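When reading the values below, keep in mind they use all heavy atoms of this one structure, side chains included, and skip hydrogens, waters and symmetry mates. Order of listing sets the numbers, starting from 1, for every ligand and every atom in it. All figures in this text were calculated on a predicted structure; none of them were measured in a lab.
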Amino acid sequence: MANVLLGKNVTDEMKEKMQADIKALNAKGVEPKLAIVRLGEREDDLAYERGALKRCETIGVLSEVFKFPADMAQADLVNEIKKLNNDNKIHGILIFRPLPEQINEEEIKNIINPDKDVDSMSPVNAAKVFEGDESGIYPCTPEAVIELMDHYGIEIKGKRITLIGRSMVVGKPLAIMLIKRHGTVTVCHTRTVELEKTCREAEILIAAAGKAKMVTKDFVSPGQTVIDVGINMDENWKLCGDVNFDEVEPIVDSITPVPRGLGSVTTSVLVRNVIKSAKKLA
Ligand code: NAD
């Protein structure tokens with residue numbers, strides 16, 4: 001039986017540190033606050049929003065949702081973001097993506113104040129990830145993977161780590177962050193040949209493909225750690241990861257489940273980013 005790496009143990013530890021930071025900020029008259037910007041009513045945005053609001057409340061960070069119609073004009077959105085940039089009671093801004101078609105995301109990325117960009121969409125923060133400059137805000141999901149590994153004492157240095165996925169949200173920044181920690185990283189994607197073999201040869205396998213249960217027993221080998229970033233719906237509309245847990249768990253050494261795995265760590269990192277921004281802006 002594999003060791004099941006639950007998110008809750010990680011978030012409990014993070015919560016204690018965050019609450020101490022909030023206390024110190026409150027003593028200076030600062031109340032960290034997250035602004036969530038949502039256009040329309042997409043179900044996955046609403047699910048993430050519920051999770052983020054709940055996490056903010058549990059930890060003691062204020063939050064407010066700024067809801068706009070899905071057909072909002074570019075100029076109006078730019079205007080709203082500028083208002084949030086200039087509002088000194090707001091320390092973090094999370095804008096749900098993908099944005100509707102009529103919105104030019106490139107412009108939005110460049111308008112958000114990098115110091116309030118808690119989801120790391122600004123090119124300024126992306127550059128800081130690539131430079132290893134820790135004054136930047138790193139994207140929540142890759143940071144959550146590292147946090148989980150550190151919590152469970154999973155060594156990164158010198159390990160063969162295979163990642164499935166090369167998006168700007170997960171795969172690419174995570175690869176850079178793992179290299180910085182001295183991992184030997186292989187990044188796989190839709191054009192990778194011999195994907196299963198490459199995955200089997202890793203010591204640590206991280207799946208961020210967004211394909212329900214694609215990592216089967218043929219992708220893994222004994223002794224591996226498997227981290228499942230995927231959030232998908234299975235054939236019965238039940239939440240599942242990229243890993244076929246029932247097939248993989250009996251083979252590997254340790255594995256994160258979905259749900260109860262990385263998701264809650266990601267929202268905790270989001271809240272921590274708000275606190276980090278509040279400290280920087282205070
Ligand atoms: P994306 O669609 O932007 O990128 C997926 C990547 O996986 C691409 O680089 C693609 O080349 C690769 N890929 C897809 N199918 C593949 C296949 N069959 N073989 C090899 N490579 C393949 O997705 P994303 O935004 O990076 O998100 C990935 C997953 O992570 C999704 O399930 C998403 O819901 C989830 N996610 C989870 C969290 C969390 O908190 N746990 C946060 C963000 C995203």
Side-chain angles (χ1 to χ4, degrees), residues 5-8 10-11 14 36 42-56 94-99 105 109 118-121 126 129 137-149 151 161-178 185-202 205-216 218-220 226-235 237-245 255-273:
L5 310 171
L6 297 175
K8 189 174 184 309
V10 189
T11 56
M14 290 173 73
I36 296 179
R42 280 166 41 116
E43 196 39 58
D44 47 353
D45 289 349
L46 292 169
Y48 191 26
E49 183 177 299
R50 282 191 293 272
L53 294 177
K54 198 171 150 211
R55 185 76 41 192
C56 281
L94 168 67
I95 305 168
F96 284 131
R97 291 176 285 166
L99 285 158
E105 200 169 301
K109 277 188 196 169
V118 286
D119 200 27
S120 195
M121 69 189 288
V129 173
I137 304 180
Y138 286 17
C140 301
T141 309
E143 186 97 321
V145 172
I146 306 266
E147 190 72 34
L148 183 130
M149 292 172 89
H151 175 90
I161 306 171
T162 293
L163 260 171
I164 313 177
R166 60 172 164 184
S167 73
M168 272 305 285
V169 182
V170 189
K172 267 187 209 147
L174 180 54
I176 299 295
M177 288 158 74
L178 291 166
V185 182
T186 304
V187 181
C188 300
H189 44 78
T190 41
R191 313 290 164 87
T192 298
V193 287
E194 297 196 297
L195 178 65
E196 296 177 12
K197 181 171 176 276
T198 310
C199 291
R200 274 198 308 271
E201 286 170 357
L205 174 62
I206 304 174
K211 294 279 174 297
K213 300 183 185 176
M214 70 165 275
V215 175
T216 61
D218 301 325
F219 286 64
V220 296
V226 177
I227 298 176
D228 192 351
V229 179
I231 301 177
N232 316 293
M233 291 298 174
D234 71 7
E235 59 285 2
W237 282 98
K238 249 184 79 191
L239 193 65
C240 73
D242 287 353
V243 177
N244 185 326
F245 188 90
I255 182 167
T256 62
V258 177
R260 300 194 305 135
L262 201 70
S264 62
V265 185
T266 302
T267 44
S268 285
V269 170
L270 170 73
V271 177
R272 191 172 65 187
N273 282 348

I need the nearest protein heavy-atom contact for atom 28 (C) of ligand 1: residue, atom name and distance, please.
Ala208 O, 3.5 Å

Which residues pass the side chain to side chain donor-acceptor pair (under 3.5 Å) test with Lys172, sequence neighbours left out?
none

Going by the closest heavy atom to atom 7 (O) of ligand 1, which one wins out of Ala209, Gly51, Ala144?
Ala209

side-chain contact (heavy atoms from CB on, under 4.5 Å) evaluation trace for Thr190 with Arg166:
CA-CA 9 Å; Thr190 41; Arg166 60 172 164 184; 4.1 Å; yes

Checking a contact table here: which protein heavy atom is nearest atom 40 (O) of ligand 1, and how many Å away?
Thr266 OG1, 2.8 Å

I'd like the name of whichever of Gly165, Gly210, Gly7, Ser167 reaches closest to atom 4 (O) of ligand 1 through any heavy atom.
Ser167

Can you tell which part of Thr190 has a heavy atom less than 4.0 Å from ligand 1: side chain, backbone, both or neither?
both

Can you name the atoms of ligand 1, numbered from 1 with element, that are less than 4.0 Å from a heavy atom of Lys211?
15 (N)

Heavy atom of the protein closest to atom 43 (C) of ligand 1 (residue, atom name, distance):
Thr141 OG1, 3.4 Å

Which atoms from ligand 1 have a heavy atom of Asn232 less than 4.0 Å away?
32 (O)

For ligand 1, which atoms, with element, lie under 4.0 Å from some heavy atom of Leu195?
19 (N), 20 (C)

I'd like to check which ligand 1 atoms, numbered from 1 as shown, lie under 4.0 Å from a non-hydrogen atom of Val170.
26 (O)

Non-hydrogen atoms of Ala52 and Ile36 that approach each other most closely:
CB-CD1, 4.2 Å

Which of the listed options, Leu262, Val169, Ile231, holds the heavy atom that is closest to atom 39 (C) of ligand 1?
Ile231

Side chain, backbone, both or neither: which part of Val229 comes within less than 4.0 Å of ligand 1 when only heavy atoms are counted?
both

Indicate, as side chain, backbone, both or neither, the part of Ile164 found under 4.0 angstrom from ligand 1 when only non-hydrogen atoms are considered.
side chain

Are more than 12 heavy atoms, taken from residues, nucleotides or ligands other than Arg97, located less than 6.0 Å from that residue's CZ atom?
yes

Record the part of Thr192 in heavy-atom contact with ligand 1 below 4.0 Å; permitted values are side chain, backbone, both and neither.
neither

Heavy-atom contacts under 4.0 Å between Arg166 and ligand 1: side chain, backbone, both, or neither?
both

Please name all residues satisfying side chain to side chain donor-acceptor pair (under 3.5 Å) with Asp218, sequence neighbours left out, ordered by chain then number.
none

Can Met233 and Leu239 be said to form a side-chain contact (heavy atoms from CB on, under 4.5 Å), step by step?
CA-CA 5 Å; Met233 291 298 174; Leu239 193 65; 4.1 Å; yes

Are any non-hydrogen side-chain atoms of Ile255 and Asp228 less than 4.5 angstrom apart?
no

Apply the test side-chain contact (heavy atoms from CB on, under 4.5 Å) to residues Ile231 and Tyr48: give CA-CA distance (whole Å), side-chain angles for both, the deciding distance (0.1 Å), then the verdict.
CA-CA 11 Å; Ile231 301 177; Tyr48 191 26; over 6 Å; no

Got the closest protein heavy atom to atom 21 (N) of ligand 1, with its distance?
His189 C, 3.1 Å

Quick one, Lys211 and Asn232 - any side-chain contact, counting heavy atoms below 4.5 Å?
no

Please walk me through it: do Glu143 and Ile146 pass side-chain contact (heavy atoms from CB on, under 4.5 Å)?
CA-CA 5 Å; Glu143 186 97 321; Ile146 306 266; 5.5 Å; no

